Amino acid sequence: MASAPGVFSFRRSNRSISEGTMEIELSDLQEQRRLKAEELREQGFDPYPTRAKRTHTTAEALAGFERAEAAGSETGGETITLAGRVVSRRHMGKTLFSHIRDGHGELQLYIRKDEIGEEAYNRALKLFDLGDWVQASGETFRTKTGEVSLRTADLTILSKALNAPPEKWHGLQDKEIRYRQRYADLIANEEVRRVFATRSKIVSAIRRFFDGLDYIEVETPTLQPLYGGAAARPFTTHHNALDQIFYLRIADELYLKRLIVGGFERVYEICKDFRNEGVDRNHSPEFTMLEFYEAFADYTTMMDRVESMVTFAAQEALGSTSFVWQGHEIDLANPKPWPRITLREAILEWSGVDYVQYPDQESLQAAARAAGAKIETGTVWPRIVDEMLKQFVRPNLIQPTFLIDYPVELSPLAKRKPDDPTHVERFQPYIGGGEIGNSFTELNDPMDQLDRFLEQMKDRDAGDEEAMPLDTDFVNALMYGMPPTGGVGIGIDRLTMLLTDQSTIRDVILFPAMRNLPSGTGPLSFGLPDDDDDDAGESDDE
RNA sequence: GACUCCGUAGCUCAACGGCAGAGCAGCGGACUUUUAAUCCGUUGGUUCUGGGUUCGAAUCCCAGCGGGGUCACCA
């Protein structure tokens, strides 16, 4: 789908570009529809009127009819007005059947020539198309085949569509058009509408959950002078007036902990994080993260929070705590509570290797390889542990499971276990073979934190581009004193994938990042004067 | 970034070295309770772009562009 993707592309115009105007040649189908809009205008009907006068949604119309029918009536008993997009049309001589869809469902219009008049009937037949928005008035009734329909007495256009909707039976399949022109995908594919409606319910349920626990929702910087809180490469940008580099945040963790220092006891934020890394079915350069921090809590408290929150979100969004993910039946409420196993036990169980027995890189690498892991030579010790987790353990964690207690080397912001300083109080919730978050008892010893940052700087000097930079202001904040605190990050996209049974992160992001099309090949790009460069972005203030 | 598959009408897809097709949508017609309505007729193409091989290329080769998948990195 390279040159001119799909549904809504326009052809190159052969006409020359006259000064100050653009010449766009519409496709045959688009031109037909444009002419129909003109014809409507000539007949005195604005194809794009300013206002609609809907009295009922399709869902309300249906419910109203069923109430009247239960009371013994054969009609809805009142004249109502619906508004919606034409999604199907079947005409049979002097009768026209057409379904319209609004944000609440679909309803069939039953249009008879002898009831709305010859002129109006011919207008509906000849000038209205699939995809148009229309408004219809009449009374509801049930057809011979049993479908509740609107006996249409009046039908007007609300918005003439120039692009035809995609194929009615197969929908829109081309993934590139589906992602680039999500509006077309939403029109064509009901499943897609369901996924994004569910995503919205998940997010609002999460807010209700934390609001109910007296958390406050806060907003921290997206543009950060120094990035941190995760191991990742950032996007870099530049502020003109300040003449300064800013980084797009890779996490909000360090700011949220500053707020705990400041005295807020419970804070959460749902925001976009940006990581300048590879793109695949589990990673998007821009993704949505929930982070929440709670004073006087530790990671065991936070496990309770995660379990309750995820279960609540599922119940609210799906109406159930059980669902199917990629063929696996998963129930968030069983077992309860979710099992908690240490990383060490898990790796031992599924690989036979007890990594604490191999404290140096060479011996652990040999043991991991002997157990069947693929480990590249030169992989540092903590990475080998991480690899063993990915290769041996993760695929087995289908039912909800907390993996707890990670080696300190993997977790520069987490607090050491009191009885084992080589490990930190950290957990990751796994469901469906994937991790949906990360959490720990937060490190609040400023001097230990400074040491960890310095360790990271060594890694950085050794070439690890993802090692965290030293954030002296954050250390300074900790020097004011942060109470014992538990913190969690949950990937909203991943959680949504899980609860909507989507295997690709792009299918839960409305407008996923895509490579630019070559100039002159996108919709409406032909004949457009070239973008006028330099001062375009700078001259306008506010 | 590497490997691999894909790109044909508005959409869904055929044709795989020999005249570029079908279904849906569209257009014209029949039909006053249809449900992917049915029936008759019909319009519509830079086969992603640029080279090459060949008597002949949508098809084979090379390069580019865009997308999917796998791997690497990461959450």
Side-chain angles (χ1 to χ4, degrees), chain A residues 1-12 26-33 35-36 87-99 106 108-115 121 126 129-131 141-147 149 151 161-180 184 187-188 229-233 250-251 273 275-285 287-289 374 376 383 386-387 390 428 434-438 464-466 489-495 497 503-506 512 514-522:
Chain A
M1 205 36 59
S3 59
V7 218
F8 302 139
S9 61
F10 291 77
R11 290 185 190 168
R12 185 188 297 277
L26 302 177
S27 72
D28 292 346
L29 294 181
Q30 290 165 337
E31 179 63 11
Q32 278 177 10
R33 285 167 173 251
L35 291 173
K36 289 179 181 180
V87 293
S88 72
R89 277 161 59 90
R90 294 172 296 280
H91 59 98
M92 310 195 28
K94 300 183 176 65
T95 311
L96 174 62
F97 292 92
S98 179
H99 278 90
E106 295 183 5
Q108 180 169 262
L109 305 183
Y110 175 61
I111 303 163
R112 291 171 59 109
K113 190 175 195 171
D114 58 2
E115 288 177 1
Y121 187 80
K126 300 295 181 190
D129 286 300
L130 288 177
F141 74 111
R142 202 179 278 282
T143 63
K144 193 162 76 180
T145 48
E147 178 161 352
S149 306
R151 185 179 290 272
L162 299 188
N163 283 321
E167 213 249 14
K168 64 179 173 185
W169 190 240
H170 301 92
L172 183 61
Q173 298 295 325
D174 186 309
K175 291 204 171 187
E176 181 167 2
I177 305 177
R178 290 188 44 218
Y179 296 146
R180 287 191 193 276
I187 291 170
R233 286 153 67 187
I250 59 172
D273 288 348
R275 299 188 184 173
N276 206 339
E277 289 162 350
V279 176
D280 63 31
R281 57 172 33 196
N282 286 312
H283 298 87
S284 168
F287 63 101
T288 304
M289 180 75 100
K374 284 193 296 181
E376 278 189 45
R383 281 261 165 265
D386 203 35
E387 275 306 312
K390 283 179 189 168
Q428 291 193 292
E435 64 203 86
I436 60 163
N438 189 21
D464 183 356
E465 290 186 72
E466 288 167 356
I490 297 283
I492 296 295
D493 311 277
R494 296 234 176 128
L495 181 60
M497 288 167 66
S503 61
T504 309
I505 198 168
R506 290 187 159 183
M514 300 286 279
R515 196 184 293 273
N516 270 341
L517 290 171
S519 66
T521 58

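We use all heavy atoms of the structure for the numbers below, so side chains are in, but hydrogens, waters and symmetry mates are not. Bear in mind the structure is a predicted one, so any value in this text is a computation, not a measurement.
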Considering only atom [atom1], compute the distance from [N] to [M] and round it to an integer number of Å.
N	M	atom1	value
A72(B)	U59(B)	P	35 Å
G21(B)	G52(B)	P	27 Å
C27(B)	U70(B)	P	42 Å
C13(B)	G29(B)	P	33 Å
A37(B)	A30(B)	C1'	14 Å
C39(B)	C16(B)	P	28 Å

Rounded distance (Å) that lies between atom [atom2] of [N] and atom [atom1] of [X]:
X	N	atom1	atom2	answer
Gln173(A)	C24(B)	CD	C1'	13 Å
Lys175(A)	C13(B)	NZ	P	12 Å
Arg281(A)	A75(B)	CZ	P	19 Å
Leu517(A)	G64(B)	CG	C1'	15 Å
Glu176(A)	C65(B)	CD	C1'	10 Å

With a non-hydrogen cut-off below 4.0 angstrom, is [X] in contact with a base, only sugar-phosphate, or nothing?
X	answer
Lys36(A)	sugar-phosphate
Gly491(A)	nothing
Met514(A)	sugar-phosphate
Asp493(A)	nothing
Asp114(A)	base
Gly489(A)	nothing
Ala230(A)	nothing

Watson-Crick or G-U counterpart of [N], or none if no pair lies under 3.5 Å:
N	answer
A2(B)	U70(B)
G10(B)	C24(B)
G17(B)	none
U38(B)	A30(B)

Quick one: are [X] and [Y] in side-chain contact, heavy atoms under 4.5 Å?
X	Y	result
His99(A)	Arg90(A)	yes
Gln173(A)	Glu167(A)	no
Asp129(A)	Gln32(A)	no

Between the base of C71(B) and the side chain of Asp280(A), is there a donor-acceptor distance below 3.5 Å?
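No, no donor-acceptor pair under 3.5 Å.
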What is the per-nucleotide protein-contact pattern of nucleotides 1-6 of chain B, from the 5' end, where B denotes a base atom under 4.0 Å from a protein heavy atom, S denotes such proximity for sugar-phosphate atoms only, and - denotes neither?
------
At under 4.0 Å between heavy atoms, how does the protein contact nucleotides 33-42 of chain B? Give one character per nucleotide, 5' to 3', with B, S or -.
BBBBB-----
Can you check whether Ser27(A) has a side-chain N or O nearer than 4.0 Å to OP1 or OP2 of A9(B)?
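So the side chain of Ser27(A) is outside the cut-off, no N or O lying under 4.0 Å from OP1 or OP2 of A9(B).
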CG (Asp114(A)) with more than 12 external heavy atoms under 6.0 Å:
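Yes, enclosed.
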Name the closest nucleotide to the Ile177(A) side chain, picking from A25(B), U12(B), C11(B).
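Comparing A25(B), U12(B), C11(B) against the side chain of Ile177(A), the answer is C11(B).
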Counting side-chain heavy atoms from C-beta on, which of A75(B), C27(B), A25(B) comes nearest to Leu130(A)?
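For the Leu130(A) side chain, the nearest candidate turns out to be A25(B).
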Output all residues satisfying salt bridge (charged side-chain N to carboxylate O under 4.0 Å, His left out) with Lys175(A), sequence neighbours left out; order by chain, then residue number.
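Salt bridge (charged side-chain N to carboxylate O under 4.0 Å, His left out) list for Lys175(A), sorted by chain: empty.
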